[in-house]
There are 2 protein chains.
Amino acid sequence: MNEHATLNASVFSQLRQDILTGRLLPGERLRAETLRQRYDVGGSPVREALMRLEAEGFVVLEENKGFRVADISVAHLQDLSRTRVEVEGLALKWSIAKGGVDWESAIVASMHRLASVPKRLDTAGHEQNAVWLRYHREFHASLVAACDSPVLLSIRNRLFDQAERYVALSISAGGEVRDDVGEHRAIMDAVLSRDVEMSVVLSRRHIERTTQKLLAAMESRAVSA
Amino acid sequence: MNEHATLNASVFSQLRQDILTGRLLPGERLRAETLRQRYDVGGSPVREALMRLEAEGFVVLEENKGFRVADISVAHLQDLSRTRVEVEGLALKWSIAKGGVDWESAIVASMHRLASVPKRLDTAGHEQNAVWLRYHREFHASLVAACDSPVLLSIRNRLFDQAERYVALSISAGGEVRDDVGEHRAIMDAVLSRDVEMSVVLSRRHIERTTQKLLAAMESRAVSA
DNA sequence: CGTCAAGCGATTTTCGAAAATTCTTCATCT
DNA sequence: AGATGAAGAATTTTCGAAAATCGCTTGACG
């Protein structure tokens with residue numbers, strides 16, 4: 001894809017992806033030598049990538065003791081959820097206020113794409129999970145795309161990614177992800193009819209329900225690796 | 001202070017401070033060699049610190065072309081402000097809901113400290129400006145300290161720091177900062193009487209008024225260095 | 001038997017120099 | 001004159017090794 005990118009950037013996105021999709025587990029130690037081999041680069045790019053990820057909250061640095069993948073916890077997921085409900089709601093509100101026709105069509109388009117992914121996901125190939133996750137992210141992104149606030153959007157995206165890590169971990173640990181096409185369509189309808197109140201409520205419920213599933217999944221199996 | 005910290009951490013906080021207080025100006029180029037001399041360290045700590053600052057939005061990296069101090073703009077300040085009003089309001093709401101007596105006393109204490117700083121600040125020593133800025137930050141932090149949401153708080157802090165950069169730049173460019181003890185006391189009273197509605201409104205007005213002053217200052221003198 | 005300290009191996013952190021890239025200058029050609 | 005492009009300078013990016021730090025083992029001593 002992006003072949004001419006700098007090594008640091010490449011390691012950054014790979015590492016980020018590996019953490020986000022659960023290929024690197026929460027709490028896992030990130031030894032410099034191991035990572036250098038894994039991505040076939042020197043120490044500097046690795047270290048720089050880790051620093052960026054630390055600022056984004058995907059990685060934790062204990063001084064002179066090295067990096068670890070950020071831990072997950074019930075408390076953190078709940079906190080994330082609470083905050084996300086508010087931020088997503090706000091972004092939705094602003095987006096509805098400012099969105100035009102092209103914004104609407106983009107929503108319809110991404111909804112269509114999301115709905116096109118086959119339903120059974122849990123035990124099906126990782127391939128399809130990845131596709132669904134991508135369309136799902138893009139659908140939700142399209143809803144708030146018109147909010148016209150880079151600051152708010154970057155916050156939203158950060159929170160979304162953090163939450164998606166829990167989803168990915170829950171999937172990769174054998175959990176099934178609900179593909180509530182209906183739920184998404186309801187949100188879309190509310191948004192397209194410019195019903196702020198309803199949109200925010202449905203968005204909140206959507207997030208809260210997902211959180212409930214994730215919490216259940218976390219409690220069922222031992223949380224710690 | 002923290003003598004045993006790692007070099008990277010030291011450079012990070014110094015660099016951050018230099019940007020936040022306007023010793024390094026928006027858009028200014030950050031050459032590796034210059035910074036190495038300035039902080040008397042090798043290239044690695046500098047680079048790593050810059051990467052972290054980039055993720056925090058204080059620095060911009062153009063690949064293979066180096067780092068620059070993040071630009072400021074009217075649009076960004078307005079966006080920041082709008083977002084901050086909402087986030088700060090939410091944090092206030094949650095804090096009021098959960099705060100106990102110790103939270104209240106901490107607020108009273110920091111209000112007292114803030115009010116103790118002499119009024120005339122503009123042309124007075126940089127020293128006093130720094131003290132006021134610190135007490136000001138601590139006062140506002142104490143208001144939301146009980147919100148019990150690390151996620152929301154970290155967002156709030158990030159936004160606060162970004163906004164403070166505009167304040168510092170406006171001061172260092174010769175502007176005067178209003179020290180509205182009354183305004184702060186009004187917020188405190190509303191918060192301590194657990195009047196969420198009033199607290200949020202006053203908080204909003206406080207932020208918006210500051211923003212107006214900053215915008216005026218930005219337009220009066222040429223924005224670009 | 002337990003505690004403490006010294007030493008050793010493993011790991012992180014930092015440096016200095018090599019490799020790669022971008023920017024500048026200047027000569028050449030149309 | 002203007003455009004083109006190739007050599008050289010400045011700067012960023014990356015590497016590999018040195019320096020510093022941490023954690024553990026081992027052995028001495030109370």
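Not a single donor-acceptor pair under 3.5 Å links the side chain of B:S81 to the backbone N or O of B:Q78. Checking side-chain atoms of B:D18 against main-chain N and O of B:L24 turns up no donor-acceptor pair under 3.5 Å.
Contacts classified as ring-ring contact (aromatic ring centres under 6.0 Å, His included) and involving residues 83-113 of chain A (residues at least two apart or in different chains) are not found.
Remark: A:R68 pairs with no residue by the side chain to side chain donor-acceptor pair (under 3.5 Å) rule, at least two apart or across chains.
With B:E164 as the partner, the salt bridge (Lys or Arg N to Asp or Glu O under 4.0 Å) test is satisfied by one option alone out of B:R134, B:R137, B:R84, B:R16: B:R137.
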### Query
When every nucleotide of nucleotides 8-15 of chain C is labelled 5' to 3' by its protein contacts under 4.0 Å (heavy atoms), B for base, S for sugar-phosphate only, - for none, what sequence of letters results?
---SSSBB
